[in-house]
Amino acid sequence: MAHLQLTAVAGGRDDEMEEVALLGPYGDAEGPGEVDEEAGVRRVQVRVTGMTCSACTGAVEGALSARRGVRSAAVSLLQNRAHVVFDPALAKEEDIVEAIEDAGFEAEILPDSAVSQPKSQKALSGQFRIGGMTCAACVNSVEGILKKLPGVKRAVVALATSLGEVEYDPTAISKDEIVQAIEDAGFEAALLQSSEQDKALLGLTGLHTERDVDLLHDILKKMEGLRLFVVNSAHTEVEITFDPEVVGLRSIVDTIEMESSGRLKAHVQNPYVLSASNDAQDASKMFHLLRSSLFLSIPVFFMRMVCPHIPFVNSFLLMHCGPFRIGDLLKWLLVSIVQFVVGKRFYVAAYRALRHGSTNMDVLVVLGTTASYVYSVCALLYGAFTGFHPPMYFETSAMIITFVLFGKYLEVLAKGRTSDAIKKLVELVPATAILLLKYKDGKYAGEKEIDALLIQPGDALKVLPGSKIPADGVVIWGTSHVDESMVTGESLPISKEVSSSVIGGTMNLHGVLHIQAAKVGSGTVLSQIISLVETAQMSKAPIQKFADYVAGIFVPIVITLSVLTFCTWFVCGSLGAYPNSWVSETSNCFVFSLMFSISVVVIACPCALGLATPTAVMVATGVGANHGVLVKGGDALERAQNVKYIIFDKTGTLTQGKATVTTTKVFSGMDVGDFLTLVASAEASSEHPLAKAILDYAFHFHFFGKLPSSNEDLKKRKEDVFSQWLLEVADFSALPGKGVQCWIDGKKILVGNRTLISENGVNIPEEAENFLVDMELNAKTGILVAYDGDFIGLVGVTDPLKREAAVVIEGLKKMGVYPVMVTGDNWRTALAVAKEVGIEDVRAEVMPAGKADVIRSFQKDGSVVAMVGDGINDSPALAAADVGMAIGAGTDIAIEAADYVLVRNNLEDVITAIDLSRKTFSRIRWNYFFAMAYNIVAIPVAAGALFPFTGLQMPPWLAGACMAFSSVSVVCSSLLLRRYRKPRLTTLLQITVE
């Protein structure tokens, strides 16, 4: 595909052509408006999502070109766009979108305004912190408001993290307007981070006076490439918008310090650190409220339960101050502070919810406590002016609020622990890095310690032994071993030398390394892993729809039940349906019924239902990341638990993907060296792993013993001799699923499988056929070669199986999952490999596009099908499968199209992914059982269903305590997933190791 793209630009240098192929907007020279509408053609630009590599762009181009009426199509991988010229009489925009979607990608026609702009405004994704949400009903309310905003394309809100992710068009709505909309809905909101690459938040030290602010303004105004800045002197921050092509973030920070003569110093604010700080503030605020409530409620409780048994204290409390007793006045004063000062947050939240036509837990708390408080005040006034003192329940409202706050505090602490996985990943990144300074001629000039957030691509960095690698890059000097277990889960240290790639956040063990930064910020592997985990934690599993539905009707049902409870007990009492002895001498039928009613309102807990799924998904995705299994979302996690069939690609999945040539057989009398040179020349332009194996074998055949021993000299020597011994090739073309063909010395050469040779009318000698069959029966792949119409020989290639393949296949069978192998290889080789690993169902000689058809055939009966592949060549099949697992993704995590990304190239992680899914949803079901069972049992008990038989009456304050602990118990249940351990294959297979 690269060759096809490059040759479209004639007369340019190679690097220029590559830039056009990857980055160019496809014909800018013509100008966006120069398509001749009168000639009957139209041009549109389409946003294409889901593309991962050049093979994907080729697939999209092929699908578009095959559509009737399409004149031309060019696709850019990096811009995620397709530029299509078509005849409007024969095709419509909907046809263009349908063609791309049929190819397995998502498509959206961009408006004409976006087409005419040289740099389009793409949709942004913003992460907002939303405070004040208490249950699933709040989540539904915020999501509903956000989705109605103009320019908002998608909005997902997570209760467990108090975060919302909003995809919006910045030309239609700003982030400030989104924040304002959330605040108008009655919640607190702030933007944490955005997908925009040219914005940053800088913290400042030394910004004390107006003079300092003016100095900062003067410095920033003079800076080139700085488009906009907003100084917040109260928080000593400045938000900057800059052109990264003109000025780098490090230059901005350095300029501020230098131009202010050191008075002002700037540093980049890490959004994760800010988030952790906000979490700590939430917990601190909740603890302060709890402490205040306890301090005021304990005396009230003490006066009610203990003081009557202490004569001198009781006599003091019964003394009168005017018409009121001192004890009653003290309780009224203390409880009023608890009710309206400490409990203000409940009133505010309830008002906001009701204002927008929704209900939540705060409404129930306000109803219960207010009813108790108002009744007690009325009883106090009645007793003061009549002399008859009915019972008062001031301690009820105070204790309810105290217990609810205690539960909320525990919930905040527990929810904070569910995101420990992300915190651990964030902590992997070192705070600083050692920058190697160089003169213009490249000579070493010194070292400088800089903030790791200020590293720029191309920077040369020094990594000392025992320190963490600050960014993704390539080793340019030195050798060492690196521990990558914290990122990839690979336990053994990896050897690193010149040209080896390194991952930011991993630990350098022994030697000093000099690396050149390639990816920084959000482009690093670690950032992508964090982003994937966050995205998964933001997503909703389908099972959560049930909880959202129940949460929407829960509060009205509870209030109805509370009213019914009051009416039932009151009417029955008025009619004498139960004995007067049930009502205490100091009470009456009204108070007796009211206490049951308040208990019903207070004990019901919608929070437990709302937290059941998101907390479990959050913990599970974090645990998965720690084991090298990255889950794209809760829906993928839910589907994986029901996998019935799992489809394996052969090459690189079941096998090691490191093909080696084992046999060379010439049948034409040609010298073996000449034969290998001919085949290697033909395969040199192919990207297939088998082609690389043949090329390496031929190279070593010719130059074995003639090459230097050091790696650097070897690479230079290879580059020098490579172009000298290979023959000149013309009209090369790769034929997917068949092989390659080209012309050498004016004669056509074919290198591939039986199909390619037979289609070109070349006869295979019987001797060669027998030799080929023997190889295939031994799990080797035969590469046939024909030259100038004659069969001249074959090459035998084998790709060793992964050592864990057979055990993993057996383990999957034990788990009730049926393994299937799908490969483009011939039947004999495929069956030999399948027999070796223990797979009974094999589909061989399947073209890449046909793998998706195989998957659909298994899906016909409603079975859930998983596909395990390398995430690049198998992308259509991964998209077609219910659960796509990309294995051995390494540093290509950002562009994977699968539902699961298995970072290590180890099949055991397939079992881990399925097992983690099953364990997670088992835990979610238990969470729902606890939440539902709690409400089903607790509400009747609170309503007094057991009172006629046992005399058991639940006081409202105890009901409040039960409600508070129910949500905490669900979160703690989810936290048990942190103890998850990968299944041991020996246990799974019930093997006894002696």
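Quick note: residue numbers are just sequence positions, from 1.
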>> I'd like to know whether Ser973 forms a side-chain hydrogen bond (donor to acceptor under 3.5 Å, both in side chains) with Arg923, so could you lay out the CA-CA distance, the side-chain angles of the two residues, the decisive distance to 0.1 Å, and finally the verdict.
In response: CA-CA 7 Å; Ser973 170; Arg923 178 60 54 187; 3.2 Å; yes
I need the minimum non-hydrogen distance between [X] and [Y], along with the two atoms involved.
X	Y	answer
Tyr168	Ile173	CD1-O, 3.5 Å
Pro948	Ala945	CD-O, 3.6 Å
Ser297	Met399	CB-SD, 4.0 Å
Leu159	Ala136	CD2-N, 4.1 Å
Ile145	Ala185	CD1-CB, 3.1 Å
Glu183	Ala189	OE2-O, 3.6 Å

Residues forming a side-chain hydrogen bond (donor to acceptor under 3.5 Å, both in side chains) with [X], sequence neighbours excluded:
X	answer
Ser293	Thr402
Thr920	none
Ser599	none
His208	none

Side chain to side chain, [X] and [Y], heavy atoms closer than 4.5 Å:
X	Y	answer
Met286	Leu290	no
Leu146	Val142	yes
Leu594	Ile598	yes
Phe930	Ser969	no
Phe187	Cys138	yes
Phe346	Leu405	yes
Thr369	Val602	no

Return yes if some donor-acceptor pair links the side-chain N/O of [X] with the main-chain N/O of [Y] below 3.5 Å, else return no.
X	Y	value
Thr565	Leu561	yes
Ser315	Phe312	yes
Ser397	Phe394	yes
Thr370	Leu367	no
Glu395	Val300	no
Ser141	Ala137	no

>> Suppose we screen for ring pair (Phe, Tyr, Trp, His ring centres under 6.0 Å). Which residues come up paired with Phe316, at least two apart in sequence or across chains?
In response: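 Listed in chain order: nothing, the list is empty.
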> How would you list, by chain and number, every residue that makes a ring pair (Phe, Tyr, Trp, His ring centres under 6.0 Å) with Phe340, sequence neighbours excluded?
Replying inline: Tyr347, Tyr373
Roughly how far, to the nearest 0.5 Å, is the [atom2] atom of [Y] from the [atom1] atom of [X]?
X	Y	atom1	atom2	result
Phe921	Glu638	CZ	CD	4.0 Å
Ile130	Leu163	CD1	CG	8.0 Å
Leu916	Leu637	CG	CG	6.0 Å
Phe929	Ile936	CZ	CD1	8.5 Å
Ser292	Phe287	OG	CZ	9.5 Å
Met133	Ile182	CE	CD1	9.0 Å

> Do Asn927 and Ser974 pass the side chain to side chain contact (heavy atoms under 4.5 Å, CB included) test, and can you show the C-alpha distance, the side-chain angles, and the key distance before you say yes or no?
Replying inline: CA-CA 8 Å; Asn927 286 351; Ser974 294; 2.9 Å; yes
> For Glu167, which residues count as a salt bridge (Lys or Arg N to Asp or Glu O under 4.0 Å) partner, sequence neighbours excluded?
Replying inline: Arg154
>> Let's go through Leu333 and Leu329 carefully: what are the C-alpha distance in whole Å and the side-chain angles of both, what is the deciding distance for side chain to side chain contact (heavy atoms under 4.5 Å, CB included) to 0.1 Å, and is it a yes or a no?
In response: CA-CA 6 Å; Leu333 175 64; Leu329 283 176; over 6 Å; no
List for me each residue that meets side-chain contact (heavy atoms from CB on, under 4.5 Å) alongside [X], sequence neighbours excluded, and say none if there are none.
X	result
Ala938	Ile603, Tyr934
Ser562	Ser597, Val600, Val601
Phe947	Trp569, Trp582, Phe592, Phe596, Gln953
Thr568	Cys572

> Passes side chain to side chain contact (heavy atoms under 4.5 Å, CB included), Met303 versus Leu330? Steps please.
Replying inline: CA-CA 9 Å; Met303 280 189 276; Leu330 285 174; 4.0 Å; yes
>> Filter on salt bridge (charged side-chain N to carboxylate O under 4.0 Å, His left out), then keep only pairs touching residues 317-340, sequence neighbours left out; what's left?
In response: Arg325-Asp328
